[in-house]
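Structure first, commentary second.
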Amino acid sequence: MRKYVIMGVQGSGKGTQSALLAGDLDLVHISVGDIFRWHVKNHTKLGAQVRRLVAAGELVGDDLVEDVVSDRLHLHDWNYGFIIDGFPRNRRQAEFFLESYDIDGVIHLDLPDEEVRRRVLARRLCSRCGMDYNLIAHRPSTEGRCDVCGGELVTRTDDTPDALARRLRDYHTKIDPVLELFRRKEYVMTVDARAGKTTVQQAIRASLGLPPHTPSRPGETA
Ligand SMILES: [Zn+2]
């Protein structure tokens, strides 16, 4: 049984790296963001609550996040363990989590704010089918057009420099103390997230004492 927490700013590749690790080790990938998106998409009561908060320009509160994570973990479908992303969000949650779940390690994907800005501001979204693009890592073959449906590529409304600067500030204010607490208890493995995705994954494996990842699926190279 392996239990990991993964931390890193938006754009640091948490989702990708968690999926690679979870796939090989049969871990359940618990992404708080994905859970909330699922509720919004499926029009649940919780989804309506989240939608109201977002419409009012507010963030989902720590207590709500805690409830969602706790419900998810109580499903106990994680026979081989889990990797959790988006939690804990404050020191109290971090302390409680350490006491309750006997964590094996905290993977910290380290990405300088400058690189976050470069990556996030390069994101584009198809206005027709919703396919994600990135002008650095995943360029469309025709500029400004979706490869799949030919729709126009647009920037997400919350991917402006100002909005991103605000999110980065919020992230550091909130998450740096959590990271510091984990660091003091010697759980944190910091991995340089600037490299390509396979390189980052291998660095994670090495730091956790796991065998290297063998790319197997098509397209899954550096
Ligand atoms: Zn499209």
Side-chain angles (χ1 to χ4, degrees), residues 6-24 27-60 65 68 72 83-86 109 111-168 170-171 193-201 204 213 215-222:
I6 191 162
M7 301 178 76
V9 285
Q10 166 184 41
S12 61
K14 273 184 304 179
T16 307
Q17 297 301 333
S18 302
L20 287 173
L21 198 61
D24 277 2
L27 307 179
V28 172
H29 175 205
I30 301 175
S31 158
V32 173
D34 286 350
I35 295 174
F36 283 122
R37 274 186 287 275
W38 184 90
H39 281 279
V40 169
K41 194 169 163 229
N42 289 282
H43 302 278
T44 65
K45 201 171 149 191
L46 178 62
Q49 205 176 339
V50 171
R51 208 191 291 258
R52 271 197 305 275
L53 287 168
V54 172
E58 285 170 44
L59 294 172
V60 175
V65 170
V68 163
R72 182 63 191 80
I83 178 162
I84 189 160
D85 162 2
L109 295 180
L111 196 67
D113 286 358
E114 201 40 60
E115 179 63 11
V116 175
R117 274 190 279 275
R118 196 176 79 92
R119 290 185 184 189
V120 170
L121 299 178
R123 296 198 297 204
R124 296 293 181 275
L125 174 74
C126 173
S127 56
R128 199 180 293 165
C129 73
M131 176 90 169
D132 287 311
Y133 291 86
N134 188 298
L135 303 184
I136 304 165
H138 177 203
R139 299 188 70 89
S141 39
T142 308
E143 201 181 316
R145 290 282 151 201
C146 176
D147 292 343
V148 181
C149 75
E152 191 193 346
L153 299 188
V154 296
T155 306
R156 290 168 195 274
T157 49
D158 58 350
D159 277 354
T160 64
D162 280 356
L164 178 61
R166 200 161 48 239
R167 289 203 297 276
L168 278 170
D170 287 349
Y171 175 87
R194 286 172 303 183
K197 88 176 180 193
T198 306
T199 308
V200 173
Q201 180 67 203
I204 291 173
H213 167 65
S216 52
R217 277 165 261 159
E220 196 186 295
T221 48

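Each residue takes its place number in the sequence, starting with 1. In listed order, ligands and their atoms are each counted from 1.
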Item to complete: Indicate whether the side chain of D132 and that of H138 have a donor and an acceptor atom separated by less than 3.5 Å.
Response: no

Worksheet item: Got a sec, which residues hit salt bridge (Lys or Arg N to Asp or Glu O under 4.0 Å) with R37, two or more places apart in sequence or on another chain?
Response: D34

Discussion item. Checking side-chain polar atoms at under 3.5 Å, does H39 have a donor or acceptor matched by the opposite partner on R51?
Written reply: no

Worksheet item: Under 2.8 Å from the Zn ion (ligand 1), which protein N/O/S atoms are there?
Response: C126 SG, C129 SG, C146 SG, C149 SG

Worksheet item: With a 4.5 Å limit on heavy-atom distance, are the side chains of D85 and V32 in contact?
Response: no

Worksheet, complete the sentence: Applied to residues 117-130, the side chain to side chain donor-acceptor pair (under 3.5 Å) test, sequence neighbours excluded, yields E114-R117, E115-R118, E115-R119, R123-D159

Fill in: For F36, all residues meeting ring pair (Phe, Tyr, Trp, His ring centres under 6.0 Å), sequence neighbours excluded
none

